[in-house]
Protein chains: 2
Amino acid sequence: MPNSTRPYHHGDLRTALIAEAAAMIAESGAGSVTMRALGRRLEVSRAAAYRHFADKGALMVAVAAAGFARLQGLLAAIDADSPADSPHRLPRMGEAYVRFALENPAYYRLMYGREALARVDVPELREAANALFDGLVGIFLMQQRAGVIRRQDPRAQAYVAWGAVHGLASLLIDGQILTAVDVDRLIQQMGATLMEGLRAR
Amino acid sequence: MPNSTRPYHHGDLRTALIAEAAAMIAESGAGSVTMRALGRRLEVSRAAAYRHFADKGALMVAVAAAGFARLQGLLAAIDADSPADSPHRLPRMGEAYVRFALENPAYYRLMYGREALARVDVPELREAANALFDGLVGIFLMQQRAGVIRRQDPRAQAYVAWGAVHGLASLLIDGQILTAVDVDRLIQQMGATLMEGLRAR
DNA sequence: GAGTGTATGTTGACGCTGTCAACTTCGATA
DNA sequence: TATCGAAGTTGACAGCGTCAACATACACTC
């Protein structure tokens with residue numbers, strides 16, 4: 001019979017670990033995530049996580065994968081509102097992308113930075129990022145067919161656009177851009193410049 | 001009189017520490033830099049560095065600052081070859097910038113990543129990055145006056161362009177772009193798309 | 001229902017890390 | 001020549017990731 005004391009088993013420690021690590025990252029950066037601190041916050045021993053993840057890196061990968069899922073869902077929802085041939089479709093997605101990074105800076109860094117995670121290639125994350133990218137390529141193809149942008153290798157176009165928004169997001173969250181500038185305006189201008197450069201003519 | 005044994009004092013440990021840390025970063029990433037390993041490589045005790053730097057973070061900041069100096073010199077040399085009104089001036093600098101990042105990935109990450117360094121703002125690095133950026137703004141202004149690109153807030157233009165090359169560089173060095181694609185072609189295409197978007201008309 | 005296997009959680013220990021205080025060495029200045 | 005401060009060393013400490021050995025409790029089979 002369960003009494004007032006904590007049960008020996010947690011219930012769903014694996015899920016709780018991912019959520020708590022994400023919360024710590026949001027609160028004070030990926031550097032603050034510690035197996036011991038994680039255990040303390042979940043009222044569990046420091047080694048409990050090792051029953052669910054091979055090592056700390058594997059846990060962080062799972063956190064990053066959850067971040068990709070969130071970003072993917074967010075972008076899909078935004079995109080669902082735009083007609084396939086609208087010239088605002090791409091700039092809108094770009095804005096949503098940068099906004100996600102601004103609202104979850106440490107999370108975003110964890111997802112895309114090779115430094116925080118293992119140096120080695122992690123299939124789980126590569127596939128998540130690839131799925132996102134493939135969706136983007138599909139949109140470029142549709143925009144080409146609708147005559148909005150010029151006919152070129154859509155993968156190259158997608159890389160250029162992704163690089164641009166990723167770079168802007170990175171500079172912003174790493175404090176490289178003076179806070180004096182109007183961020184919304186800057187995001188908008190990047191979208192406009194890219195669309196002008198890609199426009200069919 | 002000096003004999004065969006190592007002298008007690010190093011001579012110029014401060015400079016040696018920066019150089020050796022940079023070498024270790026190039027060899028095996030910023031994560032491999034350790035006060036103890038640094039001491040071993042320089043045949044000095046693990047705490048010797050603390051006579052020259054307040055803590056490890058201060059040392060890494062000095063390393064990053066040295067990186068900024070190198071990048072600045074490299075870009076200045078490249079730029080000196082281009083006529084002020086040449087439409088190839090900006091794409092060329094962009095290429096050189098990305099190439100620097102590709103050749104010194106860990107170095108580049110240290111310079112621009114907020115994660116590896118302290119979360120706080122470091123004046124030394126901010127000024128180095130600002131100097132680089134101000135030079136870029138100057139080029140945009142000259143290109144506007146020469147009628148190459150459209151007249152707009154040159155700072156905003158510079159942020160957009162910097163963001164784009166920074167993003168492309170980051171994606172490349174963090175392995176987010178499949179190695180199958182032709183990197184040189186991609187860099188070129190980003191330059192062309194940006195210039196098309198910025199072109200005076 | 002009793003017994004047992006396995007998944008899950010705990011504890012002790014190890015070597016690694018950054019850093020400090022106390023100590024030593026040595027070059028420069030009075 | 002005496003001395004002072006800069007530069008380097010050593011011992012120690014707490015915190016880290018991780019492993020091996022152990023404890024617990026749930027989910028089966030008989």
Side-chain angles (χ1 to χ4, degrees), chain A residues 1-21 24-25 27-64 106 110 115-120 122, chain B residues 1-21 24-25 27-64 106 110 115-120 122:
Chain A
M1 305 297 116
N3 53 18
S4 63
T5 70
R6 291 254 144 204
Y8 188 84
H9 286 88
H10 179 281
D12 192 1
L13 185 55
R14 190 193 152 86
T15 304
L17 282 167
I18 295 175
E20 200 68 26
M24 292 175 73
I25 287 170
E27 284 168 26
S28 36
S32 74
V33 178
T34 277
M35 300 306 261
R36 290 164 141 89
L38 219 35
R40 258 174 261 134
R41 288 174 63 134
L42 291 174
E43 297 190 281
V44 115
S45 86
R46 64 197 184 276
Y50 288 86
R51 295 293 152 190
H52 302 277
F53 299 97
D55 54 22
K56 187 185 177 183
L59 167 58
M60 297 306 259
V61 165
V63 176
L110 179 70
E115 191 73 347
L117 261 33
R119 197 164 319 286
V120 291
V122 184
Chain B
M1 307 296 117
N3 54 18
S4 63
T5 69
R6 292 256 144 202
Y8 188 84
H9 287 88
H10 180 282
D12 192 2
L13 185 55
R14 190 192 152 85
T15 304
L17 281 167
I18 295 175
E20 199 68 25
M24 292 175 73
I25 286 170
E27 284 168 25
S28 35
S32 74
V33 178
T34 278
M35 301 307 260
R36 291 164 143 87
L38 219 35
R40 259 174 261 134
R41 289 175 62 136
L42 291 174
E43 297 189 281
V44 116
S45 87
R46 64 196 182 279
Y50 288 87
R51 295 293 149 187
H52 303 278
F53 299 97
D55 53 21
K56 186 185 178 183
L59 168 56
M60 297 306 257
V61 165
V63 176
L110 179 70
E115 192 72 350
L117 261 32
R119 196 165 320 286
V120 291
V122 184

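Reminder, nothing fancy here: chain letters follow the sequence lines and each chain counts from 1.
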Notebook entry, point to check: Roughly, in whole Å, what's the span from CZ in A:F53 to P in C:dT8?
Noted result: 12 Å
Table please: side-chain donor-acceptor pairs of residues 46-57 of chain A below 3.5 Å, with sequence neighbours left out.
from, atom 1, to, atom 2, distance (Å)
A:D55, OD1, A:G57, N, 3.3
A:D55, OD1, A:A58, N, 3.0
A:K56, NZ, A:V33, O, 2.8

Checklist line | Exercise: identify the closest heavy-atom pair between A:A106 and A:A30 | finding: CB-N, 4.4 Å
Item checked: Under 4.0 angstrom between B:H52 side-chain N/O and D:dG8 OP1 or OP2 -> yes
Notebook entry, point to check: Can you name the residues that form a side chain to side chain contact (heavy atoms under 4.5 Å, CB included) with A:A37, not counting sequence neighbours?
Noted result: A:M24, A:T34, A:R40
Note to self: What is the distance, to the nearest angstrom, from the CZ atom on B:R14 to the C1' atom on D:dG8?
What the structure shows: 17 Å
Next item on the list: Name all residues meeting the side-chain hydrogen bond (donor to acceptor under 3.5 Å, both in side chains) criterion together with A:S45; count only those two or more places apart in sequence or in a different chain, and write none if there are none.
Entry: none
Notebook entry, point to check: Please give, in whole Å, the distance from D:dC16 P to A:Y50 OH?
Noted result: 12 Å
Item checked: Set of residues satisfying side-chain hydrogen bond (donor to acceptor under 3.5 Å, both in side chains) with respect to A:R14, sequence neighbours excluded -> none
Check: Atom CD of A:E43 and atom P of C:dT10: how far apart are they, to the nearest Å?
Finding: 10 Å
Notebook entry, point to check: What is the distance from CZ of A:R51 to C1' of D:dC26, rounded to the nearest Å?
Noted result: 15 Å
Margin query: On DNA chain D, does the nearest nucleotide to A:A37 precede the nearest nucleotide to A:A54 from the 5' side, or the other way round? Give the residue.
Written below: A:A37
Item checked: Rounded distance (Å) that lies between atom P of D:dT18 and atom CG of A:L38 -> 12 Å
Expected rows: protein N/O vs nucleotides 11-14 of chain C N/O, under 3.5 Å:
from, atom 1, to, atom 2, distance (Å)
C:dG12, N7, A:R46, NH2, 2.3
C:dG12, O6, A:R46, NH2, 3.0
C:dA13, N6, A:R46, NH2, 3.2

Check: Under a 4.5 Å cut-off applied to non-hydrogen side-chain atoms, are B:L17 and B:V44 in contact?
Finding: no
Notebook entry, point to check: How many Å lie between CG on A:D12 and P on C:dT8, as a whole number?
Noted result: 10 Å
Note to self: Expressed as a whole number of angstroms, how long is the span from A:R40:CZ to D:dA14:P?
What the structure shows: 15 Å
